[in-house]
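Worksheet for the structure shown next.
Chain A is the first sequence line, chain B the second, and so forth, proteins listed ahead of strands; every chain is numbered from 1.
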4 protein chains.
Amino acid sequence: MSPRGGSPMGRVVSGPSATQRERRDAGPATTKGRQRRTEILAAARRVFEERGFVETRVADIVAAAQVAQGTFYTYFDSKDAVFAEVAQSVIDDMLAGLHAPRRPGAGPRQRVRDGLQRFIDAFRPNAVIIGLIEQVGTFTPEMRRLRLALRESFVAMSARGIVRMQTEGHADPDVDPLMTAEVLGAMVDQTCYVWFSLGKEFDATEVLDSLSLVWSRAIGLPEDGETPAGEPGDAAT
Amino acid sequence: MSPRGGSPMGRVVSGPSATQRERRDAGPATTKGRQRRTEILAAARRVFEERGFVETRVADIVAAAQVAQGTFYTYFDSKDAVFAEVAQSVIDDMLAGLHAPRRPGAGPRQRVRDGLQRFIDAFRPNAVIIGLIEQVGTFTPEMRRLRLALRESFVAMSARGIVRMQTEGHADPDVDPLMTAEVLGAMVDQTCYVWFSLGKEFDATEVLDSLSLVWSRAIGLPEDGETPAGEPGDAAT
Amino acid sequence: MSPRGGSPMGRVVSGPSATQRERRDAGPATTKGRQRRTEILAAARRVFEERGFVETRVADIVAAAQVAQGTFYTYFDSKDAVFAEVAQSVIDDMLAGLHAPRRPGAGPRQRVRDGLQRFIDAFRPNAVIIGLIEQVGTFTPEMRRLRLALRESFVAMSARGIVRMQTEGHADPDVDPLMTAEVLGAMVDQTCYVWFSLGKEFDATEVLDSLSLVWSRAIGLPEDGETPAGEPGDAAT
Amino acid sequence: MSPRGGSPMGRVVSGPSATQRERRDAGPATTKGRQRRTEILAAARRVFEERGFVETRVADIVAAAQVAQGTFYTYFDSKDAVFAEVAQSVIDDMLAGLHAPRRPGAGPRQRVRDGLQRFIDAFRPNAVIIGLIEQVGTFTPEMRRLRLALRESFVAMSARGIVRMQTEGHADPDVDPLMTAEVLGAMVDQTCYVWFSLGKEFDATEVLDSLSLVWSRAIGLPEDGETPAGEPGDAAT
DNA sequence: AATGAATGAGCTTTCATTCAT
DNA sequence: GATGAATGAAAGCTCATTCAT
């Protein structure tokens, strides 16, 4: 009934006229439009990183992007929607980083270390946004889904790695790959979170050493200079 | 701390009346008053658990506590203040749970398992609030401090445990107790978070098994039925 | 997700917290509250009459009522809601005015005239709001219902009057009471609308004369000094 | 005229560029241009009929017309302006319909009935827009003028018809032609409004019967099979 | 003449907090 | 101490209209 933007609920007749929404769904028609969209997205990410989700105002984003308030809504449905897009791009970026090719000819311990390094490298630049996804996930099912999807993906990948090492005879065949991947994933994930998102100061090498050691021992990789698990206990002799 | 914008006082800036502030500072004078305070605190916790911090309104709390809107401010400074108090009580409860006495005569693996069980048991009933502390920590330094304090406390305790086991000759003396406690703590913490706060369905025994195994192996405890590290097959000596 | 009032659609979690709404539904608890509510309602009516529905801002209403913007929402859900209440009270007032007691001993023509006079007297002070109900009815089903309910009520009453006169032998028994009441009602209604709402200047006596004449003739009442319809054409002799 | 608040120009106040305004004032220069204009006008009418004036967005109109947002302003000054044009064309159409030639050789009652039928036929296809004119009239003087002009025109025509019948000796010479035309016009107008615009379901024949009967009796036409007023039972002489 | 992106004033509604009773 | 009404700053979103291409 009320023609104005305000009146959010209890609208009797229509809502946002659907026409505006269509255009947003269609996406920018011109090159310049696509460019603007990207600019606003980038500005949004910057502001979110600086102020967090709750504290970010659309006004901050448009100020950072140097456009008018209305322009924002030419490209995005809402503050929630931009955040979802920023989050998605971060997740995509991380997943891409994780799937980097294995180094050929590396031993199992080295491969574990490489994998952890990749995770850390993928996490670090996205740490703030990942922290926000966590935060926002508390009140948005969609974000929670995204967050869990990233986890699952990482856990599944780790589990595959464990199975591969078991098949190759490097890793203890008795450990449950999925459950172990689950807790080791939690370890890595949370360590990075504390390190990069909460800002606890760690020494990069020490972290990598510790994570590598725990991971390797957990799945029963032979200590460096040891013969593979499952063989006589004569490793150090 | 409050993420809300509205500078809420009727005048431009004034603060509460002297009498009101005094009453708050003084704390409840009568038994009935103390009781009221407790009721409101309990109601607040319930509502926070149900709706999260951001979505909780003071109005919800007073409704749950069956008191008038104004009564809330007789006992608490602000919404943030009640949350801080709820959070503090949760942290206290957890710390108390963790410091439970060791079972006498248990072997090192059993002691690890017991410690993990204690953590899980302490975490479970407080999971939702812990998740909220995380959330609120994103915009509140005070909460962040609280959160990190809990971590430090747990990590320190774990590190002491590792050192003890190293001293006793059970654990690998070469692992860095602090750094290892750090990453293992991250593992346990995050696993519980995913399990209880995000609601991923885990089997209790499997979780405990996996965590115990990883923890034990990480610090080089001998496998069950094996002689301790440093003895017979004394690899690490 | 957005904690703020703005974010009107796409809200993921909750809406207005329900607590606010409950209080509004409950109605004012104190005498002072009831008084405030009435004041705002009166102010709203004044503003609506002055500016129309679309042009009225909640800001205008609160200014007229000399209260803060937020106070409005302590008592009413929305601009639409106040209007609905104003409209309802106008309709109630009109219906009450129409049901005034018949003058005893008046002839049928006089009774018709009295009825019309009552309608006019009931319409006049409510004319502006009735016009707005019409306007708002175009976009709100609820208002349309209200508007039609008033019509039905008036038509039904008129139809009963016609039937009574037919029974008494004054009115032509051959006219369809309902359909005739329908078109005569339309005549009266619209005449008042043009007169009071659109502001066309009519002479009160002339209007009443014309309406009375048309109405009376339509249902076949004998001309003044004539014998009732259905008898010989010797009326004027 | 626009009820919207937003002073919509990019700068504080500027007005359209000279070239744009000139083009609008000049009107379409090419055939294709005239065609475009017509298309947009038609689209506008369709959208107005579907959504009402307030709920119609310029965006809806251009979407329906399959042109760009800016194109609209090449041909029309504003949303209000298109509506005015749509309204004007509806009024013109109605007036044209009303002035259809009288059927030769018809008796007075038949002529009344014919006139009413013409009105109904002219009203029906334009009902929605007429309703909107009413609605918009509430906040636009220009529309109110248009609306009243239509009324006046119809009333004047009716009055002339009554005078003619009085002159011809068919109608009661004592009724005031103008005032009677006024209330009878109100009756017909409002009946059509309720029927076609508000959607109350009437039987076409019954409506026409009732309107005809009331109208005829109101101006004192002899009942069918009766001799004209002023003859035999010449009451009114 | 056509396009579609840009503009920004303006409105509604929420809710933490205060204060008179 | 308790009550509940009052406050008002703030923020999200819409959409008529303009203007650079």
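Atom C1' of nucleotide E:dT7 and atom OH of A:Tyr75 are separated by 12 Å, given to the nearest angstrom. Computed from coordinates, the C:Ile61 CD1 to E:dC11 P distance equals 13 Å when rounded to whole Å. D:Arg34 places its CZ atom 14 Å from the C1' atom of E:dA1, with the value rounded to the nearest Å. Summarising the geometry, the separation between NZ on B:Lys79 and C1' on E:dT18 is reported as 18 Å, rounded to the nearest angstrom. Put simply, CG on D:Asp60 is 13 Å from P on F:dT14, counting in whole angstrom units. As rounded to whole Å, 15 Å separates atom C1' of E:dT17 from atom CZ of B:Arg57. At whole-Å resolution of the value, CD in A:Gln35 and C1' in E:dG4 are 15 Å apart. Between the CD1 atom of C:Ile40 and the P atom of F:dA5 there is a distance of 12 Å, rounded to whole Å.
Because its NZ or CZ atom is both nearer than 6.0 Å to the ring centre of B:Phe53 and within 45° of the ring axis, B:Lys79 counts as a cation-pi partner of that residue.
When the side-chain nitrogen and oxygen atoms of A:Tyr73 are compared with OP1 and OP2 of F:dC13, one or more of them lie within a distance under 4.0 Å. Note on C:Thr74: every side-chain N or O is 4.0 Å or more away from OP1 and OP2 of F:dA6.
Of all nucleotides present, only E:dT13 satisfies the Watson-Crick or G-U wobble test against F:dA10, with each distance under 3.5 Å. In this structure E:dA20 sits in a base pair with F:dT3, meeting the Watson-Crick or G-U test at under 3.5 Å.
Here A:Glu85 does not pair with A:Arg45 in a salt bridge; the nearest charged N to carboxylate O distance is not below 4.0 Å. Ionic pairing of C:Arg36 and C:Glu39 is present here: one or more N-O contacts between side-chain nitrogen and carboxylate oxygen are shorter than 4.0 angstrom. Here A:Glu55 pairs with A:Arg57 in a salt bridge; the nearest charged N to carboxylate O distance falls below 4.0 Å.
Mapping B:Phe72 and D:Ala68 onto DNA chain E via the closest heavy atom, the residue that lands nearer the 5' end is D:Ala68. Mapped onto DNA chain F by nearest heavy atom, D:Ser78 and B:Lys32 fall at different nucleotides, with B:Lys32 at the one closer to the 5' end. Closest-nucleotide positions on DNA chain F for B:Arg36 and A:Asp77 were compared, and the one nearer the 5' end corresponds to B:Arg36.
If you check F:dA2, F:dT17, E:dA5 against the side chain of D:Val58, the one that comes closest is F:dT17. Considering only side-chain atoms of B:Thr71, the nucleotide from F:dT3, E:dT7, E:dG4 that sits closest is F:dT3.
Looking at heavy-atom distances under 4.0 Å, D:Phe76 makes no contact with the nucleic acid at all.
A 4.5 Å side-chain heavy-atom check between A:Thr71 and A:Ile40 finds at least one atom pair inside the cut-off.
The base of E:dT12 lies outside donor-acceptor range of the side chain of C:Gln69, with no N or O pair under 3.5 Å.
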